[in-house]
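Atoms considered below: every heavy atom in the structure, side chains included; atoms not considered: hydrogens, waters and symmetry mates. Predicted model only: the values in this text are computed from it and were never measured.
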Amino acid sequence: MRFLLNWLLASISIAIATFIVPGIAPFGPTDAWLSFAFVGLFLGLVNSLVKPLVTVISLPVTFLTLGVFQLVVNSFMLELASWLSVNLLGSGISISGFWSAFVGAIIVSIMCSILGVATKDA
């Protein structure tokens with residue numbers, strides 16, 4: 001049940017980032033909400049499977065930048081989730097460049113944290 005809640009929160013966060021960041025847009029033949037759900041699903045999978053490995057590999061750079069490099073890792077995870085959803089399911093979000101992914105990842109992280117605190121009792 002917690003997985004479904006996290007998936008829903010990630011999808012809502014991605015939708016909010018899509019409406020705020022100009023370089024991110026829904027992509028594919030399906031409705032926008034379904035595109036957000038696909039990316040939210042892949043973002044959850046990428047964050048649980050790939051991100052820990054990338055975080056460990058990039059630990060020296062993260063230490064040197066006092067943790068700022070973790071924002072770059074988050075933006076690459078959002079890019080990877082978008083790429084996987086578009087190429088495997090044919091629907092997702094289109095990210096125009098690194099800076100759009102960077103700002104989008106910041107917004108998704110902030111919104112997931114806020115929504116996670118709001119639903120902590122659930």
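- Tracing side-chain contacts under 4.5 Å through hydrophobic residues (I, L, V, M, F, W, Y), one never reaches L59 starting from V54; they form parts of separate clusters.
- At a threshold of 4.5 Å between non-hydrogen side-chain atoms, the residues L41 and F3 count as touching.
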Just distance, no hydrogens or angles: give the donor-acceptor pairs under 3.5 Å from side chains in residues 75-82, sequence neighbours left out.
residue: S75; atom: OG; partner: V72; partner atom: O; Å: 2.6
residue: S82; atom: OG; partner: I93; partner atom: O; Å: 2.5

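- Atom CZ of F63 is surrounded by 12 or fewer heavy atoms from other residues, nucleotides or ligands within 6.0 Å.
- Shortest non-hydrogen contact noted between G92 and S85 is CA-OG, 3.5 Å.
- Scanning for side-chain contact (heavy atoms from CB on, under 4.5 Å) contacts around I106 gives L71, F102, I110, with sequence neighbours left out.
- A search for side-chain contact (heavy atoms from CB on, under 4.5 Å) contacts involving S48 returns nothing, not counting sequence neighbours.
- Clustering of Ile, Leu, Val, Met, Phe, Trp and Tyr side chains at separations under 4.5 Å leaves L64 isolated, with no partner residue.
- Clustering ILVMFWY residues whenever any of their side-chain heavy atoms sit less than 4.5 angstrom apart, transitively, puts L115 in the very cluster that holds F36.
- Neither I57 nor V73 shares a network with the other; the hydrophobic side chains, linked directly or stepwise wherever heavy atoms of I, L, V, M, F, W or Y lie under 4.5 Å apart, form separate groups for each.
- Closest heavy-atom contact between F69 and T65: N-OG1, 3.1 Å.
- Minimum interatomic distance between A10 and C112 (heavy atoms only, all atoms of both residues): CA-SG, 3.9 Å.
- Among residues two or more places apart in sequence or in another chain, the side-chain hydrogen bond (donor to acceptor under 3.5 Å, both in side chains) test is passed with S100 by S96.
- Residues meeting the side-chain hydrogen bond (donor to acceptor under 3.5 Å, both in side chains) test with N74, sequence neighbours left out: K51.
- Side-chain heavy atoms closer than 4.5 Å link hydrophobic residues (I, L, V, M, F, W, Y) into clusters, and following such links, possibly through other members, connects L84 to L89.
- For the pair L43/V108, a side-chain contact is recorded, criterion being any heavy-atom separation below 4.5 Å from C-beta on.
- Put simply, CD1 on I114 and CD1 on I16 are 8.5 Å apart, with the number rounded to the nearest 0.5 Å.
- With sequence neighbours left out, S94 forms a side-chain contact (heavy atoms from CB on, under 4.5 Å) with F27.
- Shown here are the side-chain contact (heavy atoms from CB on, under 4.5 Å) partners of L66, two or more places apart in sequence or in another chain: there are none.
- Interatomic distance, F38 CZ to S11 OG, rounded to the nearest 0.5 Å: 10.0 Å.
- Under the rule for a side-chain hydrogen bond (donor to acceptor under 3.5 Å, both in side chains), the partners of W33 that lie at least two apart in sequence or sit in another chain are D31.
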Ignoring hydrogens and angles, write down the donor-acceptor pairs under 3.5 Å from the side chains of residues 17-26, residues two or more places apart or on other chains.
residue: T18; atom: OG1; partner: I14; partner atom: O; Å: 2.8

